[in-house]
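Beneath this line is the structure, given in structure tokens, with notes to follow.
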Amino acid sequence: MSRPAGRGPRRLTRWWRRRSLRTRLTVIAATAIAVSVFMAFQVASELLDWELRDTAEEQLRADSRVLATTAQRAGLAQVRLPPYPGSGRLVRVILPDGSTRTPAGQPALPPVSEHAWRVAQGASADLMESDDSDDGYLVYTLRAGDGAVQVARVADDSPINQFGFGMLLIGLLCVVGGALVGRTVARTGLAPIDRLTAAAVRVAHTRELDADIPDEGGGEIRRLIQSINDMLAALRDSRLAQRLLAEDAAHELKTPLTSLRLNVELLIRLDRRGTLDSALPAESRTRLLNDLGSQVAELSTLAAELTDLARGDVSDENTELLDLADVVGAAATRARSRVPDIEVALDVTSVWVSGRPAALQRAVLNLVDNAGKWSPADQPVQVRLRAEGASAVLEVDDAGPGIDAADVPRVFDRFYRADSARALPGSGLGLSIVQRVVDAHGGRVTVARSARGGALLRVGLPAAAPPAPAARLTVGEDTAVR
């Protein structure tokens, strides 16, 4: 059964990828040198062959002119041809009748070619040709008198062969030397990478993120080390944020858990003594159960906010094009259902944004809940939405006491609660979640004092073009959701 086409190259590719970087650099260096030597050998061989052939042709022409001059004086039939000395050039005289004369003892030359006969007959002055026989003669034919003279030389490839053998030895030495040099260069060049790898392994094993990797080398190595140090700094910040979140969560959970535990223990102790009904009148029991319900609700809210905050920007919710007015209306409805006493006055205009609906609704709900804590019973929370240039602007204000100037810089810090808010329900996470959601959508949230004396929270988000041309839609104008 034949192997599927392409399996061999894929196997070679997998093998190559499994090699170390040093091995790859060594192989690449040796291969580059081998290719360079081969190309140099090819070029040098062609140049040497051309030079040797040109020299041989010039020598044949010179010898032919001497022989032709002698033959013209003495005649082609009478010109004296010395015996062949055993090596060197070969000569032949072509007579007008088509016969030939050669020196005594000279090896036989290839038959006179048709083109050489034409030179002897006067069709052309001379001819340089190569013989395709095993001996490989180079023959020059020159017109002389009524015939022609020929001078030939056996093509000698020994200089090319010797040159090739020498280049082969030099090439092997260069390849071996190139491999050694490539290995040395790879080891020297990758030494910072080795130290960087060792430092990264040490960090992974010891979990110590405080020690930066020493900055050494230059160019790409330095940028790599700086990038890893930046990554370690980000990991340190992340670990610190996690620790602070855990500490803050433990602190915030302690109070409601302690109160809940004390109330439950009181109920259990009275029940065991059989004095529950006598020790706790109906009114006290009702108040205690209401306290338990409030504490459980506070714990549930805190747990949900902690979960939402810990998730950060990680969300399975997809970004989509949506009308922010619909989100604001849905958040106001939820706020009314959660706190029946809250009153929300909407003045919103249809503005399209690109975002995550649930996250945006959560942010708006937190803004409305926060304003609802401070607004007097007879003053509604005012929610306004409009388009300003390329932004969607959402404003939520209340008629409460407002935010002190000292608290403004920390109002969006998680778990931060002003002194005046200690007695109110809440965890101090709502506005922190608002800021995270707004930042994730490329917007900005600010706090100021409203015209009614309370807090004015302003959210600006990048607006998007609506999916189809539509008139601006007013969801509610100066109306209250009840």
Quick one: does [X]'s side chain get under 4.5 Å of [Y]'s, heavy atoms only?
X: L95; Y: T100; result: no
X: M39; Y: V35; result: yes
X: T141; Y: D126; result: no
X: Q150; Y: Y140; result: no
X: L324; Y: W352; result: no
X: V328; Y: L385; result: yes
X: Q435; Y: D439; result: yes
X: Q42; Y: L47; result: no

Can you see which heavy atom on [X] is nearest to which on [Y], and at what distance?
X: V149; Y: S64; answer: CG2-O, 3.9 Å
X: L321; Y: P466; answer: CD2-C, 4.3 Å
X: P103; Y: V91; answer: CG-CG2, 3.3 Å
X: L142; Y: A68; answer: CD2-CB, 3.8 Å
X: L346; Y: G329; answer: CD1-CA, 4.3 Å
X: G145; Y: Q72; answer: N-NE2, 3.6 Å

Using the salt bridge (charged side-chain N to carboxylate O under 4.0 Å, His left out) rule, take D397 and R449 through it: C-alpha gap first, then chi angles, then the decisive distance, then the call. CA-CA 8 Å; D397 77 38; R449 182 170 292 276; over 6 Å; no
Approximate separation, where rounding is to 0.5 Å, of [X] [atom1] and [Y] [atom2]:
X: L365; Y: T333; atom1: CG; atom2: OG1; value: 10.5 Å
X: L461; Y: L360; atom1: CG; atom2: CG; value: 6.5 Å
X: E114; Y: L127; atom1: CD; atom2: CG; value: 11.5 Å
X: Y84; Y: T102; atom1: OH; atom2: OG1; value: 12.0 Å
X: T70; Y: Q78; atom1: OG1; atom2: CD; value: 13.5 Å
X: N366; Y: R362; atom1: CG; atom2: CZ; value: 5.0 Å

Going through the distances and angles, do L138 and R53 end up as a side chain to side chain contact (heavy atoms under 4.5 Å, CB included)? CA-CA 9 Å; L138 184 64; R53 184 182 178 88; 3.7 Å; yes
Cationic N near anionic O, under 4.0 Å, R386 to E395: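 A salt bridge links R386 with E395.
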Does the side chain of Q59 come under 3.5 Å of the side chain of R61 through a donor N or O and an acceptor N or O? no
Can you check whether [Y]'s main-chain N or O pairs, donor with acceptor, with [X]'s side chain at less than 3.5 Å?
X: E57; Y: M128; value: no
X: R101; Y: L76; value: yes
X: S391; Y: A387; value: no
X: H441; Y: A359; value: no

Derivation of the side chain to side chain contact (heavy atoms under 4.5 Å, CB included) call for Y137 and R153: CA-CA 6 Å; Y137 289 102; R153 182 184 296 273; over 6 Å; no
What verdict does the side chain to side chain contact (heavy atoms under 4.5 Å, CB included) test give for L394 and V383, after you've listed the backbone C-alpha separation in whole Å, the side-chain angles of each residue and the deciding distance to 0.1 Å? CA-CA 7 Å; L394 173 69; V383 179; 3.7 Å; yes
Go through it in stages, so that I can follow the logic: the residues are S354 and E320, the test is side chain to side chain donor-acceptor pair (under 3.5 Å), and I'd like the CA-CA distance, side-chain angles, deciding distance and then a yes or no. CA-CA 5 Å; S354 178; E320 61 185 65; over 6 Å; no
Give the intermediate values and the outcome of side chain to side chain contact (heavy atoms under 4.5 Å, CB included) for residues L322 and V327. CA-CA 8 Å; L322 52 92; V327 175; 3.7 Å; yes
